[in-house]
Each structure stands twice: as C-alpha cells, then as structure tokens.
Amino acid sequence: MCLCKCDQVATLSTPLISLPRHPNPSSPTTVNNDLRSSSHTAVIAQIEQCTNIAQLKQVHAQMLRTGIFFDPYYIDYARQVFDQIPHPNLYTWNTLIRAYASSADPVESIFVFLDMLYGCSECPNKYTYPFVIKAASELRALLTGRAVHGMAIKSSLGLDIYILNSLVHFYGTCGDLDLARRVFVKTPKKDVVSWNSVITVFAQGNCPEEALELFKEMEAENVEPNDVTMVGVLSACGQKVDLEFGRWVCLYIARNGITENLTLNNAVLDMYVKCGSVEEAKILFDRMPEKDIVSWTTMLDGYAQSGNYDKAWRIFDAMPSQDIAAWNVLISSYEQSGKPKEALAVFNELQKSKSPIPDGVTLVNTLAACSQLGAIDLDKALEVFNSVESRDVFVWSAMISGFAMHGQGRDALDIFSKMLEAKVNPNAVTFTNLLCACSHAGLVDEGRMFFYQMEPAYGVVPGVKHYACMVDILGRSGNLEEAVELIEKMKIPPTASVWGALLGACGRNGSFELAEKACSHMLELDPRNHGLYVLLSNIYAKTGKWEEVSGLRKLVQDLGIKKERGCSSIEANGSVHEFLVGDNFHPMCKEIYSKLDEIAGRLKLVGYVPNKSHLLHFLEEEDMKDHALILHSEKLAIAFGLISLSPSQPIQVVKNLCVCGDCHTVAKLISKLYGRVILLRDRYRFHHFKDGHCSCNDYW
DNA sequence: TTAGGGTTAG
C-alpha cells in the first residue's frame, strides 16, 4: 500500500465535518524498524554462538517468553537452516510445516508438505496432518483440505481424534457446516476439544441456534465444558442478541468454576456489546484485571455502535495504542449508521496521523462511505480503489458492492472478471455482492451461473445470504416455482431473509397462497418483524380477506410491535434536514406543502394517477393524510430540495426504508418535469432519476 | 523433544 497515493484520496474527499474529537496526529506505538532489525541480528548471533543443545534451548525459551519466536523473520531463518539439512527426518519436516501453518504465509505449509511427500523417506504421521489441515483452514482451501483428509484416511489415520478435531474446525471454517457436523458425529470418542470445535464453527458460521443446541447436547453427555467452550457459547449469544441467555452463561461460568481469563472476559464483553448492554460491558471492563487491545476495541465498538461517539472517542484516546482495528471501528460505525461524511473525516485523520497504515478493512469501509454519498462519489470510490496497490478480496468485493448498490450490474461483473485476472480468489462476501448486483440489475442467467458455480469452481459453499439473493433474483424475474424448489433443496435451514425474498416476489407476482406460506414461516422465525405484518396485511387486503386484516391489526397492537417510521434526509446549504411521513415540523413546511400542491398539479396534467396499491391498508392508515399526494417522507424531502437547491445541484435524499412504487414514479416524473437529477438512496440501493428514467430500470 | 478448539473491525 502506498501512503502518498492514499493522501491523494484524502484530499479529494476532504469532508467539512466536525468530529467529537480530533485524534493526535501521532500514535504512541510507532514500531521502530531499525530497532527491530538490530534485535533480529542480535538473536541470530546468539543462536549461532550456541555450542550445545542446552544453550540453544535457553535462547529458544527466551524467544518464546518475549514472543519474538513468532516474528515472521525467524521463520525465514528457520527455513534457511532447514534447507541446509541434507536429509531432514519426519520430525524436522513436521516442525517446519507447523511453523508455517500458523505464520502469516500458511500456503508455505502446504508447499513444504508437498515437498515432503517427494523428499522424505517416511510417510506423514498423526502429527503432520493436524498442521497441514490447520494451514488449509487458514487458507480456506476447501479442495486442498479435502484431498489431505482423503490421504489421512488412506494412511489409516482417519480415526485419530486430533486429526478429526482439526477437520471439524477446517470444514466449519470453510463454510461447510454440514460436513463439519458429519465429521464430528463420526468422531468415536469425542473429547472436550471435539465439542469446542463443533460449537465454535457453528457459532462463527452464523448458526448460533445450532451452537447452543450443541452446547446443551454436550451438557447432556456430561462432557465438562471449559473456558474455550464458553467463548463459543458467548459468541452465539451475542449473535442471537440474547442478553438473558448471555447473563445466564455468565452465572454458569461462575457456578462451574470455569477459570476467567482475558479471552473469556473479552468474549463476555463482546456478548454484552452485541446485546446492546454497554452499561454491563463497562462494569466488567472496569473490573477486568487485565485488558488487551481487543478489550479496548470491543468497548470502543460498544459506544460507537450505540451512537455515543463522545464516549467512543474518549475510549479511543485512553487506549494504550490505537491500532488499525480501532480506527476501523470508528470508520465502520459512522459508515453503517448513515454518516458517510464522518467516516471519511476519520479516514482523513488516519491519513494525517501516518500510522497505523490503513488495511483492507479501512478501504472497504471507506469505499462503502464513498458509495453512500451517491453517484458523484462513486467516481471517488473508483479513485480510492484505483489508488490502492494491495487489493485484497474484501476491497474487490466492496467495489462490486458499490456497483451493486447503484444497479450497475455489468460494471460489477466487469470488476469481478478483473479480480479473477488479478488472481484474487473470491470468497463468500464476493458472491453475496455479486448476486446482489445481479438481483438489482435483473441479470437472472448470470446470477444463476454464479450461484451454481460458486462451490464447484471456487470452493465457496453457498450460505444463507446467497440463497436469499438467489431466491430474490428468481422471484423478481417471475421464476417463483424455481425459487420454491431452491428453498426446498437448501442444505441449511432457511432464515427469515430467505422467506422474505420469496414473500417480496409473491407480493409483486400476486401469488397469494405462496405468500401466506412464506409469511407463516417468517412469523415463526421473526415474530416481531413489523414489515412482515404490513406485507401480510396487504396480501389479505388484496384478496378481500378483511377479517384476517383486522385480526392481524389487533395482533400487532396486542404484541406491541412498533414499526420503523419512514424517514428521509437531505442535505442543503451545509445542514441536514430530516422528514418523517406527513411531517409538519419543518420551519419551511408551508412552502414545502405548497410546492407539493404545485407538483401534484403538474403531475396531473401529464396524466399521473396516484398508485394507492402501495398504501398499507389498515396498518398505516394513520399515515394517510388528505393530500393530493401520499406524503411519504421522500416526497417531502424532494420538494424541499426543489425549493432550496439551485437547479444545477442534484437532489440527494437518503431514506431508511425501501422506496415505494408511487414515490418512485413521482421522482421519475419530477426529474423530467423540473429537469433535475435526483439521487435517492433507500435501505438497499441507489436510484438515479434523470429525464424521467431511473437507473434501476424500474427493477428493484 | 512435535498435535486439535477461543475474543475485535468487512
């Protein structure tokens, strides 16, 4: 990565925004490279002065104690020593394979293993396989790992518990939870590590329910859990946002005498943060006997995610050192909470501070912030992208996502081809973004091709997000039967998002029976999803099932389910203006409503008839004001934009929910009648309105 | 004299 080029990026997107605090330009922990290389020389000199094994062991112990043994520098040194051994024995080969497996360059581990198969007279043994499998896990190299698994079976080592436990971890890490579970089930005498491996991979593979089920099974089998088990269980609680169970786990840890340690405390901290209880996190944080960078970063994340940026910046300042993860937490939380300008401001601060150096995550979030700012800034995103020398898979994927959000499906596909040309292997995120691009641009055949090739050609097992995207692609294009078949064939249980994609398609294509089926599945999985009741209510209303509509309305009231209110914001003359549905609070509301009346008149002249099918019967009747236009927040924002911005300025609106069909039509007409460019970002994507057309080609 | 599982940001 080249800093001077990134500086260019910083200047081209310098945002005029004030953050709660501007960090110090220099980070307290700048690594001094000169010092480091002189220490390398000293250690090597010490090793070379050794005349017997005892002395060598002493140096080794010292290196382990200070942690410098894991400095990549010494692996190269070890390799040089290894290369001078005329006939290394199996033990020596294993040592080198192990060193590479947990190094920054695990692929070397695989290469050494292959060299060993030809260059060593002995066969790989029960020690070799766990190291090689670990390297394959690090690399997410599903095909390589499978081959190694096969070799282990052929060498009659297929039932070794260490090898099986590594394999559970390996398959899980590669996304094949099904296979991970099968290996686990076949493990003859499961020990605590077997259980930990399977619980951990399910927790990390977005299957927290299964992870917790496995934990219960483990208890039933009377296997005593340890601290590592609890880390996995806490991670599952965090993902489920199940604070109550998380608290129970904390009690369980105390009652069962499981030793607290730094990692376990960090996992508890993370659980509290993910469950939204920053207060409990802070109490633990204050009483933790030992804290590391992860503890600080988790706490920082807690405050940032809850929008408490003052406290977040205070934590940031108090941290012993601000590594790139800490910066990334700030950038990503600003970016994800719809504050792309603040995100870019933090990126600028980072650039000014010179250290730490931005990594792939920084660029991903910065690119996302650029794309959030609209079409003009997508060009900036391209500049950021082009200025980065080391593009990892996430940077490429972020760029694909940027194009996907703007409905530029072909551009997304082009970027993907270039990524393959650059020899960067796509991962699960790449395919999610790619499928999303296909969905937004109506590229059905391409979507199908990617979906069915991702596993055989690239070793990426389709996850629930990929299924949801594929169902969406098929549903939107009217291939409802195929979408249903796909859901039925899923190897993993469909989530609410998968059924939601089908439901959306049903709404458009009018298949009410199927919609009811999808709804009942979704209600089981996500009973407090307000949007779902709205959709279901619409479906009942369309089929004239008024009794069901009123029953549903009562249910929603009884359950106390609140909907997310539609809210649009627009920036004009340096400040942000927010509008809610039928809002009367804006100081210029009189002008805005008279502008809307004028718009309504002009739209009527060109034959526009409000499309009331998008009105949400009964459930949203309070939103229905007696106006010529249905006053969704985006219309208010656009009207305000017409009044306040000069004709040459694009009207940029951000909406928290999905844009409705009527607002979409109105925006198209306004862009033509008033000769304005309108950029509307909704929950999922961008719409660029110009000359009466939208960039999404009415396909969203 | 070698072994497997763990927490933060996409």
To the nearest Å, give me how far apart [atom1] ([X]) and [atom2] ([N]) are.
| X | N | atom1 | atom2 | result |
| --- | --- | --- | --- | --- |
| Leu234(A) | dG6(B) | CG | C1' | 11 Å |
| Met271(A) | dG6(B) | CE | P | 20 Å |
| Lys126(A) | dT1(B) | NZ | P | 13 Å |
| Leu269(A) | dT7(B) | CG | C1' | 9 Å |
| Glu138(A) | dG6(B) | CD | C1' | 13 Å |
| Tyr91(A) | dA3(B) | OH | P | 8 Å |
| Ile161(A) | dA3(B) | CD1 | P | 16 Å |
| Gln322(A) | dA9(B) | CD | P | 18 Å |

Within the 4.0 Å heavy-atom criterion, would you say [X] contacts the bases, only the backbone, or no part of the nucleic acid?
| X | answer |
| --- | --- |
| Gln305(A) | nothing |
| Asp227(A) | base |
| Asn433(A) | nothing |
| Asn261(A) | base |
| Ile163(A) | nothing |
| Thr263(A) | base |
| Val361(A) | base |

Base dG10(B) to side chain Asn365(A), donor-acceptor N/O within 3.5 Å cut-off:
no
Looking at dT7(B), does its base get a donor-acceptor pair with the side chain of Asp270(A) below 3.5 Å?
no
Less than 5.5 Å between centroids and less than 30° between ring planes, does Tyr127(A) satisfy that with dA3(B)?
no
Listed by chain and number, what are the ring pair (Phe, Tyr, Trp, His ring centres under 6.0 Å) partners of Phe285(A), not counting sequence neighbours?
Trp296(A)
Inter- and intrachain pairs under salt bridge (charged side-chain N to carboxylate O under 4.0 Å, His left out), touching residues 193-212 of chain A, at least two apart:
Glu209(A)-Lys240(A)
Please list, one pair per line, the donor and acceptor atoms closer than 3.5 Å that link side chains of residues 125-133 of chain A to other protein atoms, with sequence neighbours excluded.
residue, atom, partner, partner atom, Å
Asn125(A), OD1, Asn94(A), ND2, 3.2
Asn125(A), OD1, Tyr127(A), N, 3.1
Asn125(A), OD1, Thr128(A), N, 3.2
Asn125(A), OD1, Thr128(A), OG1, 2.9
Thr128(A), OG1, Asn94(A), OD1, 2.8
Thr128(A), OG1, Asn125(A), N, 2.9
Thr128(A), OG1, Asn125(A), O, 3.3
Tyr129(A), OH, Ser155(A), OG, 3.2

Take Arg146(A) and Tyr171(A), measure what side chain to side chain contact (heavy atoms under 4.5 Å, CB included) needs, and give me the verdict at the end.
CA-CA 9 Å; Arg146(A) 270 187 190 158; Tyr171(A) 284 120; 3.7 Å; yes
Take Asp83(A) and Arg79(A) through the test salt bridge (charged side-chain N to carboxylate O under 4.0 Å, His left out) and record every step on the way to the result.
CA-CA 6 Å; Asp83(A) 286 340; Arg79(A) 183 57 188 266; 3.3 Å; yes
Would you mind listing every side chain to side chain donor-acceptor pair (under 3.5 Å) that reaches into residues 267-277 of chain A, with sequence neighbours excluded?
Asp270(A)-Lys274(A), Ser277(A)-Glu280(A)
Looking only at side-chain atoms of [X], point me to the closest of [options].
| X | options | result |
| --- | --- | --- |
| Ala325(A) | dT8(B), dA3(B), dG6(B) | dT8(B) |
| Arg98(A) | dG6(B), dA3(B), dG10(B) | dA3(B) |
| Ala267(A) | dA3(B), dT7(B), dG10(B) | dT7(B) |

For residues 428-435 of chain A, which side-chain donor-acceptor pairs fall under 3.5 Å, sequence neighbours excluded?
residue, atom, partner, partner atom, Å
Thr430(A), OG1, Ser397(A), OG, 3.0
Thr430(A), OG1, Asn427(A), N, 2.9
Thr430(A), OG1, Asn427(A), O, 3.4
Thr430(A), OG1, Asn427(A), OD1, 2.9
Thr432(A), OG1, Ala428(A), O, 2.9
Thr432(A), OG1, His466(A), NE2, 3.1
Asn433(A), ND2, Ser397(A), O, 2.8

Is the phosphate of dG10(B), meaning OP1 or OP2, less than 4.0 Å from a side-chain N or O of Gln336(A)?
yes
Can you find a side chain N or O atom of Lys274(A) that sits less than 4.0 Å from OP1 or OP2 on dT7(B)?
no
Mind listing the residues from residues 285-304 of chain A sitting with a heavy atom below 4.0 Å of DNA chain B? Number order is fine.
Val294(A), Thr297(A), Thr298(A)
More than 12 heavy atoms of other residues, nucleotides or ligands under 6.0 Å from NZ of Lys291(A): yes or no?
yes
